[in-house]
Amino acid sequence: MRNRDIDIIKNMKTIEWLKAELLTNMAYLHKTLVNNEDNTKENLEDAISNVILQTYILGKRLGLEFEDIDSALKENIKLNLIEEHKIEKWYGDLSKLLDYLSSR
């Protein structure tokens with residue numbers, strides 16, 4: 001088997017593993033939200049940051065650049081602002097997130 005074949009197989013396995021990790025972290029987030037005793041700031045931060053981390057790394061393994069993911073995220077936020085997403089109407093979270101992302 002050639003090295004290229006091994007690299008492709010390794011990347012495919014890595015993608016599958018990352019997808020499973022993402023699902024595991026999403027399940028942990030749901031479990032944390034359901035179990036009030038586990039619903040601490042640290043547990044929520046851990047769960048949400050793991051979901052974000054896994055998503056970025058999965059995107060990278062799928063051939064996306066981190067900068068392109070950030071750019072797509074900003075464009076998605078802008079589109080939702082134009083479409084007057086309910087979260088923006090109710091809380092202003094989208095414009096706050098866009099400001100935060102633009103300032104980094």
Side-chain angles (χ1 to χ4, degrees):
M1 192 177 293
R2 298 183 326 232
N3 282 343
R4 179 164 161 73
D5 293 337
I6 293 171
D7 288 344
I8 291 170
I9 292 169
K10 181 180 177 183
N11 197 48
M12 288 172 49
K13 285 184 177 185
T14 302
I15 289 168
E16 292 305 313
W17 174 72
L18 287 167
K19 288 171 20 183
E21 285 292 305
L22 182 57
L23 288 173
T24 299
N25 285 304
M26 286 300 297
Y28 175 68
L29 175 60
H30 284 270
K31 184 178 176 183
T32 300
L33 291 170
V34 169
N35 297 327
N36 286 334
E37 65 273 4
D38 294 335
N39 196 350
T40 66
K41 182 178 187 285
E42 292 81 19
N43 288 349
L44 291 172
E45 288 172 346
D46 186 49
I48 291 170
S49 66
N50 279 330
V51 168
I52 294 167
L53 172 64
Q54 295 297 330
T55 303
Y56 270 93
I57 300 302
L58 178 60
K60 180 69 173 168
R61 291 293 93 222
L62 293 171
L64 304 174
E65 297 297 328
F66 299 139
E67 296 83 7
D68 294 336
I69 295 169
D70 282 350
S71 179
L73 176 59
K74 288 177 188 176
E75 290 305 313
N76 192 340
I77 294 169
K78 290 175 186 175
L79 179 62
N80 279 284
L81 287 170
I82 291 168
E83 294 176 351
E84 299 179 343
H85 193 283
K86 287 183 181 181
I87 292 295
E88 179 61 23
K89 283 185 184 180
W90 295 342
Y91 305 104
D93 289 349
L94 294 174
S95 55
K96 290 175 189 170
L97 179 57
L98 184 60
D99 289 343
Y100 168 75
L101 292 172
S102 297
S103 70
R104 332 191 267 179

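Residue numbers count from 1 along this sequence.
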Co-membership, hydrophobic cluster, residues Y56 and L64, 4.5 Å side-chain: yes
Within-4.5 Å side-chain heavy-atom neighbours: N50 and L22: no
- prompt: When clusters are formed by joining ILVMFWY residues with side-chain heavy atoms under 4.5 Å apart, either directly or through shared neighbours, do L101 and V51 land in the same one?
  reply: no
task: Check the hydrophobic clustering (I, L, V, M, F, W, Y; side-chain heavy atoms under 4.5 Å; chains of links allowed) and say if L29 and V34 are grouped together.
output: no
field: Electrostatic pair E16-K13, nearest N-O below 4.0 angstrom
entry: no
Which atom of I77 lies closest to which atom of L94, heavy atoms considered: CG2-O, 3.4 Å
message: Within the 4.5 Å heavy-atom criterion, are Y28 and N43 side-chain neighbours or not?
response: yes
query: Under a single-linkage definition using a 4.5 Å side-chain heavy-atom cutoff for Ile, Leu, Val, Met, Phe, Trp and Tyr, are Y100 and L73 assigned to the same hydrophobic cluster?
result: yes
message: A side-chain contact here means heavy atoms from C-beta on lying under 4.5 Å apart; do K19 and I15 qualify?
response: yes
query: Are the side chain of N25 and the backbone of E21 linked by a donor-acceptor contact shorter than 3.5 Å?
result: yes
message: Closer than 3.5 angstrom, by distance alone: can the side chain of S49 be matched with the main-chain N or O of D46 as a donor-acceptor pair?
response: yes
query: Once you round to the nearest 0.5 Å, how far does NZ of K74 lie from CG of L81?
result: 13.5 Å
K60 backbone acceptor or donor facing E65 side chain under 3.5 Å: no
task: In sequence, state the C-alpha distance, the side-chain angles, and the governing distance for R104 and D70, and then conclude on side chain to side chain contact (heavy atoms under 4.5 Å, CB included).
output: CA-CA 11 Å; R104 332 191 267 179; D70 282 350; 3.6 Å; yes
- line: dist S95:OG -> I87:CD1 (nearest 0.5 Å) comes out at 12.0 Å
- prompt: To the nearest 0.5 Å, how far apart are CG in D7 and NZ in K10?
  reply: 7.0 Å
query: Atom OH of Y91 and atom NZ of K86: how far apart are they, to the nearest 0.5 Å?
result: 11.5 Å
- request: Under the side chain to side chain contact (heavy atoms under 4.5 Å, CB included) rule, what do I8 and N11 come out as? Steps first, then yes or no, please.
  value: CA-CA 5 Å; I8 291 170; N11 197 48; 5.8 Å; no
message: If hydrophobic clusters are built by linking Ile, Leu, Val, Met, Phe, Trp and Tyr wherever their side-chain heavy atoms come under 4.5 Å apart, do L53 and L62 end up in the same one?
response: yes
query: From H30 NE2 over to T32 OG1, what is the distance, rounded to the nearest 0.5 angstrom?
result: 10.0 Å
message: Donor-acceptor pair, distance only, cut-off 3.5 Å: does the side chain of N80 make one with the backbone of N76?
response: yes
query: If you take all heavy atoms of E88 and D93, which pair is closest and at what distance?
result: OE1-N, 3.6 Å
statement: Of all heavy-atom pairs linking I69 and G59, the shortest is CD1-CA, 4.1 Å
